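Notes to accompany the following structure.
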Number of protein chains: 2
Amino acid sequence: MAETLTAEAILAATEEVLRRYGPAKATVVDVAKALGVSHGSVYRHFPTKAALREAVTRRWLDDIHAHMAPAFDQGRTTAEVLRDWLQRLFDRKRRSHSEDLELFTTFKVLVAESSVVSAYHLECLVGQLTSIIAAGVETHEFVTDDVESTAQAVWDATLMFHHPAHAQEWGNPHVQEQFDAVVSLVVDGLRYNRVPSGTGDA
Amino acid sequence: MAETLTAEAILAATEEVLRRYGPAKATVVDVAKALGVSHGSVYRHFPTKAALREAVTRRWLDDIHAHMAPAFDQGRTTAEVLRDWLQRLFDRKRRSHSEDLELFTTFKVLVAESSVVSAYHLECLVGQLTSIIAAGVETHEFVTDDVESTAQAVWDATLMFHHPAHAQEWGNPHVQEQFDAVVSLVVDGLRYNRVPSGTGDA
DNA sequence: GGACTGACAGATTTCAATATCTGTCAGTCC
DNA sequence: GGACTGACAGATATTGAAATCTGTCAGTCC
């Protein structure tokens, strides 16, 4: 038996309870029961149920952020790095959706609950995109006058392949082709030798 | 009083009932009551409640399809036509969302109910996109080896600005900038003089 | 005879009572 | 004295009985 109740132990128990009962049924009392303490003790570490759920969500998202990391292998074009990063993100979300639908649904609800946490998630991943695009600008492979908003545009344009609202389409047999088509369009849009707007004749 | 009950009269009454009570509360009995007939009569024209709702939804979407029409003005580049088409679609959906949230929500529910109707909606609008991109290929302003799947890619890349799941973000003060950034990226991706993949140095 | 009604069976929804949960805090126990 | 308990008030969720709705169809009415 643990010396004293820690925030980490509560988070682990909460994750387990959420996995077992789902987001609609999981209660603070359940978490306390799993830990063998009274539910009042849980409130010494987290001020509200919402804060507890938010902390669990942040913990789960940080795991994604860590696994998505940079990935600037030597000898690859920035376009390849970008394509690979987007593909890895898509694969990770799609696998999570198909292999553990209940857990995926649980975290979809949790993320939707807190705009703070979803803003944090967005900031982390668009930040990674920004560093990739900045690298492309450095090598003159990409051109843009605003790296930040271009990174946001790449994020927005690929929404269908990372936003949980569209998860049901990830099972479609042609979704990989759709992904490739969108990413090709976006990568072409980032490339250096674009012509001045409105005079694109051969 | 009408001679005999028509499908059109039922559809109009259903729309009114949906507007008044919302999709969760609207019943076939309400529709019959509004028409001054027994609910059995409604079933002479529509086999099920679902079929009735689907017919109303299709009627509503057809109105959008008609208003979105081509728009190939003389003397504009295809890029401008495409940008204008996407902007008009976005404006229409955004206005509908901000000016009559209840009706917007009602039709969001109805469209989500029937995959047949939403597939129809998608087919109509991606069809219009296809004709725009085909025109751009004709004038050598755009290049693609598959007009159909490129049109689908443009649709998918602009998902955030036409899919009702993202309607809450349409109120964001920076959403027009995000729209412009995504559309610029996409239009640049469509332009003719793209370089061969993977050798984009200056 | 064909448009319409109204009663019906089974499915779904509503509503109010009952039970459970959240968040607090005075008090217990090392 | 600080970690923890357990009883409490108000808010939320569950439940099951009653009401309503969907879809059918035999029968009425012009």
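Treat the numbers as computed from the prediction; the structure is a model and nothing was measured.
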Any side-chain heavy-atom pair of E54(A) and R58(A) under 4.5 Å: yes
Within residues 34-58 of chain A: residues closer than 4.0 Å to DNA chain D (heavy atoms): V37(A), S38(A), H39(A), G40(A), S41(A), R44(A)
Ring centre gap for H166(B) and H166(A) strictly below 6.0 Å: yes
Carboxylate-amine/guanidinium contact D91(B) R94(B), below 4.0 Å: yes
More than 12 heavy atoms of other groups within 6.0 Å of R92(B) CZ: yes
Earlier contact from the 5' end, DNA chain D, for T27(B) and A24(A): A24(A)
DNA chain D: stems of at least 3 consecutive Watson-Crick or G-U pairs whose donor-acceptor distances fall under 3.5 Å: C:1-30 with D:1-30
T48(A) and R53(A) side chains, donor-acceptor separation under 3.5 Å: no
CA sep, side-chain torsions, deciding dist, call: M160(B), Q178(B), side-chain contact (heavy atoms from CB on, under 4.5 Å): CA-CA 10 Å; M160(B) 179 178 158; Q178(B) 285 179 267; 3.6 Å; yes
Chi angles and distances behind the salt bridge (charged side-chain N to carboxylate O under 4.0 Å, His left out) call for R76(B), D84(B): CA-CA 10 Å; R76(B) 298 163 79 208; D84(B) 174 70; 3.8 Å; yes
Flag side-chain contact, heavy atom, 4.5 Å: K108(B) against H97(B): no
Heavy-atom contact window of chain B on DNA chain C, given 5' to 3' at under 4.0 Å: dA3(C) to dT14(C)
Gap separating the CZ atom of F107(A) from the CD atom of E15(A), nearest 0.5 angstrom: 5.0 Å
Interatomic distance, K25(B) NZ vs dA19(D) P [rounded to whole Å]: 18 Å
Non-hydrogen side-chain atoms of V147(B) and F142(B) separated by less than 4.5 Å: no
Sugar-phosphate only, base, or nothing, as touched by V29(A) at under 4.0 Å among non-hydrogen atoms: base
